Each structure stands twice: as structure tokens, then as C-alpha cells.
Amino acid sequence: MAAHSNQQFHVGQIIDEHPFVAGDGAVIEMFRNDMSNIVFIGLNGITAEEQQMMAEATAEFGLMKTDNGGCLVVFKLAELAFDIQFNAAAIPSEYFQQPTTSTLALSMMALDTANNELKVIRELSLPEAVTQQMIDVMQTQRAIKDPMAVNAENMHLLNTVSTEELLAKLTLTPIQTVIAPSCGCGHNHEDGHHHHHG
């Protein structure tokens with residue numbers, strides 16, 4: 001599997017090996033040399049409207065961290081918001097990659113867990129300020145070295161702060177789509193990115 005490429009994935013693909021056995025949710029993987037930075041979303045029964053919204057809505061990104069290395073990433077698409085645990089301490093050292101750029105590429109993939117079909121792939125770019133926040137958290141977590149300690153902090157955050165509270169407390173940053181999404185249906189989706197729907 002080539003690093004930093006999602007070329008092996010395509011919309012409509014069936015992915016049986018996915019982390020969403022327990023239901024809807026999202027996971028984030030960053031700073032790894034064996035895969036690109038990715039937010040992987042699983043939802044049961046994605047409608048055509050949801051699929052279009054997830055492909056076209058402005059993605060927003062924010063994070064909440066604790067002094068002891070806990071970190072929840074909030075990833076938001078229109079009305080859909082996910083709070084996602086981030087734990088860089090859990091990356092095995094041989095798979096860890098120190099970032100060298102001031103902005104980070106971030107892919108987003110959405111999977112319909114009803115049939116394991118990949119519905120949306122987007123290539124996004126995290127702005128510099130958010131990239132720096134993620135790098136700071138990652139360095140804190142790598143220094144702790146104990147994935148279980150970071151996990152305990154993350155669980156504590158998840159259990160004490162609701163998604164609504166997170167959204168109220170955090171300033172989310174819109175993140176840019178790197179390239180206009182293309183899909184196999186022959187439509188051109190570029191025009192959706194220039195209109196601001198009230």
C-alpha cells in the first residue's frame with residue numbers, strides 16, 4: 001500500500017475491513033508513514049442527499065485538548081458533527097512520521113456501514129494554524145509514550161463533554177477542498193463550491 005495515496009480507493013468500492021463494527025462514528029489517522037492523514041466516517045444508511053451534502057458541504061475542523069495529552073477532534077459537515085479521539089501515542093514508532101510541512105493534507109472518506117460501500121472521498125487541506133495545533137498535541141502525546149494514558153484522557157473528555165458542548169466551546173476552522181471532487185456518475189460537481197447557500 002503506497003503511502004500518501006488514496007488512489008486505491010474509489011466511490012462505490014466495498015470495504016469490509018473497517019473500524020465501525022459498533023455503529024456510526026469516525027476515526028482519524030494522522031502522522032503515519034503507512035497511510036495518508038484521513039478522517040474515516042461510518043454511517044448506517046447514507047441517503048443520496050447526505051452523500052451529496054458530505055461531498056459538497058464545507059468541512060470544518062477543530063480540536064479540544066487537555067493538559068495531560070487528551071485530544072478530541074471535531075469534524076463537521078453542515079449539520080453533521082463528529083467528535084473523534086486522537087491518540088498519536090498509539091502509533092508504533094516504525095509507522096510514525098514527523099510532519100515536514102506547515103499545512104497538512106487530510107483525506108475524508110465516508111462509508112455506508114449498511115452495505116460497507118464507500119460513498120464519499122474528499123481531499124482536504126488543513127490550514128497552518130490547525131496543522132500547528134495538531135502537531136502540538138501529537139508531540140505532547142508522543143512524549144507521554146503511553147497510549148493507554150492518552151486513551152484514558154480521551155475517554156474522560158468524551159464522557160464529560162457532549163458534541164453540542166464541544167461545538168459551543170470550539171472555534172471550528174473551515175478546511176479547503178484541494179481538488180474538485182470527481183465521481184463516476186459523469187456530473188461535474190465543481191459549481192457547487194462557488195455558491196453560498198444561505
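Just so you know, these numbers come straight off a predicted model, no measurement behind them.
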Next on the checklist: Please determine whether side chain to side chain contact (heavy atoms under 4.5 Å, CB included) holds for the pair I41 and M54, giving the CA-CA distance in whole Å, both sets of side-chain angles, and the decisive distance to 0.1 Å.
Outcome noted: CA-CA 10 Å; I41 296 169; M54 293 171 86; 4.0 Å; yes
Group every Ile, Leu, Val, Met, Phe, Trp and Tyr by side-chain heavy-atom contacts under 4.5 Å, then state whether [X] and [Y] land in the same group.
| X | Y | result |
| --- | --- | --- |
| I28 | L104 | yes |
| I91 | L126 | yes |
| L106 | L77 | yes |
| M108 | I46 | yes |
| V137 | L157 | no |

What distance do [X] atom [atom1] and [Y] atom [atom2] have between them, rounded to the nearest 0.5 Å?
| X | Y | atom1 | atom2 | result |
| --- | --- | --- | --- | --- |
| N44 | D112 | CG | CG | 6.5 Å |
| I14 | L118 | CD1 | CG | 9.0 Å |
| E56 | Q51 | CD | CD | 10.0 Å |
| L158 | T163 | CG | OG1 | 8.0 Å |
| N115 | I15 | CG | CD1 | 11.5 Å |
| E29 | Y95 | CD | OH | 12.0 Å |

Using atom types as modelled and distance alone, determine if a side-chain donor or acceptor of [X] lies under 3.5 Å from a backbone N or O of [Y].
| X | Y | value |
| --- | --- | --- |
| N37 | A105 | yes |
| N151 | P147 | no |
| T113 | N116 | no |

Can you check whether [X] reaches [Y] side chain to side chain, under 4.5 Å on heavy atoms?
| X | Y | result |
| --- | --- | --- |
| F86 | F31 | yes |
| R32 | Q97 | no |
| P99 | I135 | yes |
| V39 | I84 | yes |
| F82 | L43 | yes |
| N33 | E94 | no |
| M109 | V120 | no |
| V74 | M64 | no |

Item to check | Working for side-chain hydrogen bond (donor to acceptor under 3.5 Å, both in side chains), residues S107 and R122 | outcome: CA-CA 6 Å; S107 302; R122 287 174 70 174; over 6 Å; no
Item to check | S93/R142 under side chain to side chain contact (heavy atoms under 4.5 Å, CB included): CA gap, chis, key distance, verdict | outcome: CA-CA 9 Å; S93 50; R142 295 298 288 173; 4.1 Å; yes
Checklist entry - Are K65 and Q133 close enough, and set up right, to give a side chain to side chain contact (heavy atoms under 4.5 Å, CB included), and what steps lead you there? => result CA-CA 10 Å; K65 56 186 181 175; Q133 285 182 304; 5.7 Å; no
Checklist entry - For the residue pair Q141 and G69, what are the closest heavy atoms and their distance? => result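 The answer is NE2-O, 2.9 Å.
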Checklist entry - Would T103 and E128 count as a side-chain hydrogen bond (donor to acceptor under 3.5 Å, both in side chains) if you check the C-alpha gap in whole Å, the side-chain angles of each, and the deciding distance to 0.1 Å? => result CA-CA 5 Å; T103 59; E128 212 160 307; over 6 Å; no
Atom [atom1] of [X] with >12 non-hydrogen neighbours under 6.0 angstrom:
| X | atom1 | value |
| --- | --- | --- |
| Q13 | CD | yes |
| D67 | CG | no |
| H156 | NE2 | no |

Checklist entry - Which residues pass the side-chain hydrogen bond (donor to acceptor under 3.5 Å, both in side chains) test with T58, sequence neighbours left out? => result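 Counting only residues at least two positions away or on another chain, T58 forms no side-chain hydrogen bond (donor to acceptor under 3.5 Å, both in side chains).
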Checklist entry - Would you call the rings of F61 and F75 parallel, tilted or perpendicular if under 30° counts as parallel and over 60° as perpendicular? => result perpendicular
Next on the checklist: Under the criterion side chain to side chain contact (heavy atoms under 4.5 Å, CB included), I'd like the reasoning laid out for T131 against M134: C-alpha separation, chi angles, the key distance, then a yes or no.
Outcome noted: CA-CA 5 Å; T131 294; M134 285 305 295; 5.8 Å; no
Checklist entry - Just checking, is any N or O donor in the side chain of Q176 or S125 under 3.5 Å from an acceptor N or O on the other one? => result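 Note: Q176 and S125 side chains miss the donor-acceptor criterion.
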Distance-only criterion, 3.5 Å: show the donor-acceptor pairs between side-chain atoms of residues 165-175 and protein atoms not counting sequence neighbours.
residue, atom, partner, partner atom, Å
E165, OE1, S162, N, 2.9
E165, OE1, S162, OG, 3.3

